[in-house]
Participant: 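Please read through the structure below; I'll follow up with questions.
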Amino acid sequence: MPELPEVEVTRLSFARRILGGRVTAVRLGKPLRWPMGCAGESLLGQTVGAVIRRGKYLWLPLEGGGLLMHLGMSGSLRFADHVAPPGAHDHFDLVTTRGTLRLTDPRRFGAVVWSPAIDAGTAARLLSGLGLEPFDPAFSGASLHAGLRRRRGAVKLALLAGDIVVGAGNIYASEALFAAGIDPRARSNTLSRPRCERLAIAVRDTLARALELGGSTLRDFRDAHGVAGDFQNEARVYGREGEPCRVCGARVRRIVQAQRASYFCPRCQRR
DNA sequence: AAGTGGACCTGCTAGC
DNA sequence: TGCTAGCAGGTCCACT
């Protein structure tokens with residue numbers, strides 16, 4: 001489900017309210033992608049110091065370390081003063097004096113992992129390979145060009161890999177490539193510097209626009225207060241196979257790359 | 001060392 | 001109506 005905009009919208013929707021909350025209970029449901037790495041009781045009495053995002057991960061620093069959270073494909077977080085009794089897909093509750101943070105994740109590809117610091121333990125291992133943040137000034141046509149030059153595979157897959165730039169998943173990678181006029185099958189190392197400039201801008205602008213609109217709600221995304229996003233109504237190609245391109249009218253195509261759908265306009269986007 | 005295919009898990013929908 | 005196959009917003013890992 002969640003790409004960078006959805007994770008950031010989620011973060012913004014509860015970060016202030018949970019700040020300073022002291023943990024009074026932890027409830028674990030079914031196992032997630034990885035074991036949490038500590039007993040729930042060891043978190044009791046600790047205070048939430050911040051909610052930080054890195055790529056599609058959230059990091060909640062506590063006093064003796066922190067929790068690294070990922071929403072996987074189907075995860076979402078809610079934050080409320082009081083939560084209903086846990087349902088079948090509610091696999092983690094962090095009950096604090098400011099409210100309860102609940103992770104709901106039917107497919108359980110998400111994770112909540114304890115680490116002694118953001119740059120230590122499991123958190124360090126998971127975060128170490130991540131590329132630049134798209135809104136970091138260091139992310140530019142030049143850095144994108146440098147990253148893509150080392151690869152021969154399709155540019156869409158290079159964006160998804162997240163080791164050059166983080167945040168664009170399957171929806172926004174397709175949308176950014178449309179905005180930049182680049183065919184998702186184009187070989188990474190064949191893209192000129194000017195095209196990389198356009199792509200870097202497209203990635204940033206696409207994610208920024210999605211953020212403004214509260215993310216994309218294709219099936220079930222909601223922020224921590226249950227509010228849906230609107231970006232899906234602005235998608236130019238994602239999920240629009242066979243429909244006319246909003247720019248030129250050609251039929252949007254769907255292909256499969258690395259077992260994932262890619263959508264593009266065969267006329268507006270070139271290799 | 002980059003590229004690939006499979007794995008994890010559940011729910012929903014289209015089609016027969 | 002009911003079953004089945006296929007698909008879904010992520011990413012790690014083993015293998016070539």
Side-chain angles (χ1 to χ4, degrees), chain A residues 1-10 29-35 53-58 68-77 87-92 103-113 122-131 146-177 184-190 203 206-207 209-211 213-223 228-235 237-242 254-263:
Chain A
M1 163 187 22
E3 304 183 33
L4 183 148
E6 290 75 27
V7 176
E8 181 66 5
V9 164
T10 299
K30 286 192 189 175
L32 294 164
R33 177 155 192 175
W34 297 291
R53 183 190 55 74
R54 174 72 175 104
K56 300 170 190 167
Y57 290 91
L58 291 177
L68 190 70
M69 312 185 73
H70 197 286
L71 302 181
M73 286 280 266
S74 59
S76 61
L77 289 171
H89 302 310
D90 298 329
H91 302 304
F92 177 79
L103 173 67
T104 303
D105 186 2
R107 293 176 73 180
R108 292 190 281 127
F109 290 170
V112 180
V113 169
T122 310
R125 183 169 58 79
L126 294 174
L127 299 177
S128 65
L130 295 186
L148 291 177
R149 207 163 37 189
R150 291 183 276 108
R151 296 171 177 260
R152 279 167 297 173
V155 62
K156 161 94 178 321
L157 302 181
L159 290 179
L160 289 184
D163 52 356
I164 299 173
V165 58
V166 297
N170 211 37
I171 299 178
Y172 302 118
S174 277
E175 293 298 314
L177 286 165
R185 299 165 295 183
R187 291 195 171 278
S188 301
N189 61 359
T190 65
V203 167
T206 300
L207 294 174
R209 179 65 180 152
L211 202 46
L213 293 179
S216 297
T217 298
L218 295 190
R219 273 163 281 280
D220 51 14
F221 170 73
R222 294 287 192 279
D223 74 9
D230 288 321
F231 183 89
Q232 68 282 358
N233 302 318
E234 274 195 18
V237 287
Y238 187 86
R240 300 192 62 243
E241 181 184 17
R254 178 188 186 275
I255 59 173
V256 175
Q257 297 179 283
Q259 296 131 282
R260 313 207 60 195
S262 296
Y263 298 87

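Below, chains carry the letters A, B, ... as their sequence lines are ordered, and counting in each starts from 1. Since the model is a prediction, treat every value here as computed from it, not as a measurement.
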Participant: Does CZ in A:Arg187 sit with more than 12 non-hydrogen atoms of other residues, nucleotides or ligands closer than 6.0 Å?
Facilitator: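 Counting neighbours around CZ of A:Arg187, 12 or fewer heavy atoms of other residues, nucleotides or ligands fall under 6.0 Å, so no.
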Participant: At under 4.0 Å between heavy atoms, what does A:Ala261 touch on the DNA or RNA strands: base, sugar-phosphate, or nothing?
Facilitator: sugar-phosphate
Participant: What closest approach, in Å, do A:Leu77 and A:Leu58 show between heavy atoms, and which atom pair accounts for it?
Facilitator: CD1-CD1, 3.8 Å
Participant: How close or far is atom P of C:dG9 from atom CZ of A:Arg222, stated in whole angstroms?
Facilitator: 18 Å
Participant: Indicate whether the side chain of A:Thr206 and that of A:Glu175 have a donor and an acceptor atom separated by less than 3.5 Å.
Facilitator: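 Side chains of A:Thr206 and A:Glu175: no pair found under 3.5 Å.
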Participant: I'd like to know if A:Arg150 pairs up with A:Asp163 as an ion pair, taking the criterion as any Lys NZ or Arg NE/NH1/NH2 lying under 4.0 Å from an Asp or Glu carboxylate oxygen.
Facilitator: no
Participant: How many whole angstroms separate atom CG of A:Leu32 from atom P of C:dT11?
Facilitator: 15 Å
Participant: With the criterion being N/O to N/O and under 3.5 Å, what pairs connect the protein with nucleotides 13-16 of chain C, and how long is each?
Facilitator:
residue, atom, partner, partner atom, Å
C:dC13, OP1, A:Arg125, NH1, 3.4

Participant: Between C:dG9, C:dG10, C:dC12, which one does the side chain of A:Leu218 approach most closely?
Facilitator: C:dG9
Participant: After noting the C-alpha distance and the side-chain angles of A:Leu127 and A:Tyr57, does the key distance pass the side chain to side chain contact (heavy atoms under 4.5 Å, CB included) rule?
Facilitator: CA-CA 8 Å; A:Leu127 299 177; A:Tyr57 290 91; 3.6 Å; yes
Participant: In dot-bracket notation, what is the pairing pattern of DNA chain C, taking Watson-Crick (N1-N3 plus N6-O4 or O6-N4) and G-U wobble (N1-O2 and O6-N3) contacts under 3.5 Å, with [ ] crossing and | for other strands?
Facilitator: .|||||||.|||||||
Participant: Could you state the atom-to-atom distance from CE of A:Met69 to P of C:dT11 in whole Å?
Facilitator: 15 Å
Participant: Without decimals, in angstroms, what is the distance between A:Asp105 CG and C:dT11 P?
Facilitator: 13 Å
Participant: For residues A:Ser174 and A:Lys156, report the shortest heavy-atom separation together with the two atoms involved.
Facilitator: OG-CE, 3.9 Å
Participant: Within this structure, what is the CG-to-C1' distance between A:Leu159 and B:dA2, rounded to whole angstrom?
Facilitator: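 Those two atoms, CG and C1', are 16 Å apart.
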Participant: Report the distance from atom CG of A:Asn189 to atom C1' of B:dA2, rounded to the nearest whole Å.
Facilitator: 11 Å
Participant: Should A:His70 be listed as having a side-chain N or O under 4.0 Å from OP1 or OP2 of C:dT11?
Facilitator: yes
Participant: Could you measure between the two P atoms, the one in B:dG6 and the one in C:dG6, and give it in whole Å?
Facilitator: 14 Å
Participant: Can you tell me how far P in C:dT11 sits from the matching atom in B:dA1, rounded to whole Å?
Facilitator: 24 Å
Participant: Can you check the A:Asn170 CG to C:dC7 C1' distance for me, whole Å?
Facilitator: 12 Å
Participant: Measure the distance from OH on A:Tyr57 to C1' on C:dG9 and round it to the nearest whole Å.
Facilitator: 15 Å
Participant: So, the side chain of A:His70 versus the backbone of A:Ala111: is there a donor-acceptor pair under 3.5 Å, distance only?
Facilitator: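 Here the side-chain-to-backbone pair does not exist.
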Participant: Test side chain to side chain contact (heavy atoms under 4.5 Å, CB included) on A:Asp105 and A:Phe92 and set out the steps.
Facilitator: CA-CA 9 Å; A:Asp105 186 2; A:Phe92 177 79; over 6 Å; no
Participant: Please name the pair of heavy atoms, one in A:Ala158 and one in A:Arg151, separated by the smallest distance, quoted to 0.1 Å.
Facilitator: CB-CD, 3.7 Å
Participant: Can you measure from CZ (A:Arg254) to OH (A:Tyr263) and round to the nearest 0.5 angstrom?
Facilitator: 4.5 Å
Participant: Under 3.5 Å, is there a donor-acceptor pair linking the side chains of A:Asp90 and A:Thr104?
Facilitator: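 Looking only at side-chain atoms, A:Thr104 and A:Asp90 do form a donor-acceptor pair, the distance falling under 3.5 Å.
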Participant: Would you give a per-nucleotide map of nucleotides 3-16 of chain B, 5' to 3', where B means the base has a protein non-hydrogen atom under 4.0 Å away, S means only the sugar-phosphate does, and - means neither?
Facilitator: S-BB-BBBS-----
Participant: Within the pair A:Arg260 and C:dC7, is there a side-chain N or O less than 4.0 Å away from OP1 or OP2?
Facilitator: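 A:Arg260 to C:dC7 OP1/OP2: no side-chain N or O under 4.0 Å.
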Participant: Give me the one residue out of A:Tyr172, A:Phe221, A:Tyr238 that meets ring-ring contact (aromatic ring centres under 6.0 Å, His included) with A:Phe231.
Facilitator: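 Running ring-ring contact (aromatic ring centres under 6.0 Å, His included) over A:Tyr172, A:Phe221, A:Tyr238 with A:Phe231 returns exactly one hit, A:Tyr172.
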